[in-house]
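All ligand and atom numbering here is 1-based and tracks the order in the structure. On a predicted model such as this, the values are computed, not experimentally measured, just so you know.
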Amino acid sequence: MLTDYHLHLRPDDVQASADEWFTSTNAERYRAVADAHGIAELGVSEHVYRFTQALELWQHPLWREFARDDLDAYCAFVREQTDLRLGIEADFIPGAEDRIANLLQARDFDYVVGSVHFLRDGAVDMDDYTVWDGSRSPEDVWRRYFETIAETARSGLFDIIAHPDLVKYWGDPERRPEGDLRRYYEPAVEGIAEAGLAVEVSTAGLRKPAGELYPARGFLELCVQARIPVALSSDAHRPEEVGADYDRALELLAELGITELCVFDGGTRRLEPIAAGERARGQER
Ligand SMILES: [Zn+2]
Ligand SMILES: [Zn+2]
């Protein structure tokens with residue numbers, strides 16, 4: 001069974017309002033593209049920072065700018081007006097664990113996608129508030145990034161670790177340490193394995209300056225050795241991105257001997273095999 005669990009129903013710009021995009025018609029557009037790609041399981045995971053309740057977790061200026069919608073209205077919309085699984089993409093904010101737990105546990109998410117976009121106040125994947133201001137070496141940023149991924153996993157707040165090597169976003173050699181990168185990956189993989197989370201394989205990296213799947217093959221190889229299950233996603237922000245480049249992802253999964261994907265239902269996880277036909281269909285495109 002193919003899945004796409006990391007979907008956003010709107011672009012990331014602040015003007016993209018809930019009123020305009022959280023509609024059954026828009027959700028049906030995502031479903032139609034998924035059907036065309038043979039993707040049976042679809043879930044939406046809107047960014048937590050677009051909801052006013054997120055300001056109880058963090059008061060970063062970017063969050064203050066974006067926090068406009070009501071989280072409970074989003075949950076009700078997904079449950080009542082769509083046939084999508086209900087998820088959320090929640091940032092791990094060190095020190096806010098109890099407040100994150102309260103926010104998440106008060107709602108009946110099918111799954112929670114945990115992500116790291118910021119190291120303290122600095123973003124790894126944005127021009128604004130960037131961590132890449134020259135004050136830290138790439139080695140330092142990468143080490144802290146993957147240590148934070150481990151901390152995210154161990155927090156027990158999440159089901160899936162999103163885009164696990166987002167730190168490579170810019171694809172800029174000056175923002176990437178030299179040599180074998182496994183020394184950075186290892187603590188993250190250890191944390192994910194110990195905490196029993198799923199790791200996301202995301203095609204979004206192919207649409208970003210890095211031009212690679214998240215995570216890198218070397219990272220995923222360590223996940224396979226540690227028997228970490230995989231959740232497959234596109235991180236689409238528009239219908240035409242649903243299942244984008246799944247041929248590339250399915251090819252990598254096949255090469256590494258990954259034959260099953262995580263399926264989530266009401267907070268429980270099971271594994272479903274990737275059928276031969278699904279694999280072939282992905283590779284035809
Ligand atoms: Zn993200
Ligand atoms: Zn996302």
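Side-chain contact, S155 with E97: no donor N or O sits under 3.5 Å from an acceptor N or O. Side-chain N/O atoms of D70 and Q53 include a donor and acceptor closer than 3.5 Å.
Within a radius of less than 2.8 Å around the Zn ion (ligand 1), the protein N, O or S atoms are E89 OE2, H117 NE2, H163 NE2.
If you chain together ILVMFWY residues whose side-chain heavy atoms come under 4.5 Å of each other, I160 ends up grouped with M1, Y5, Y111, V113, V263, F264.
In this structure, W58 and F118 have perpendicular ring planes: the angle between them is above 60°, well past the 30° mark.
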Contacts table for residues 123-130: side-chain donor-acceptor under 3.5 angstrom, sequence neighbours left out:
residue	atom	partner	partner atom	Å
T130	OG1	W132	N	3.0

List the atom pairs, with distances to 0.1 Å, where a side-chain N or O of residues 253-260 and a protein N or O form a donor-acceptor pair under 3.5 Å, not counting sequence neighbours.
residue	atom	partner	partner atom	Å
E255	OE1	R217	NH1	2.7
E255	OE1	R217	NH2	3.4

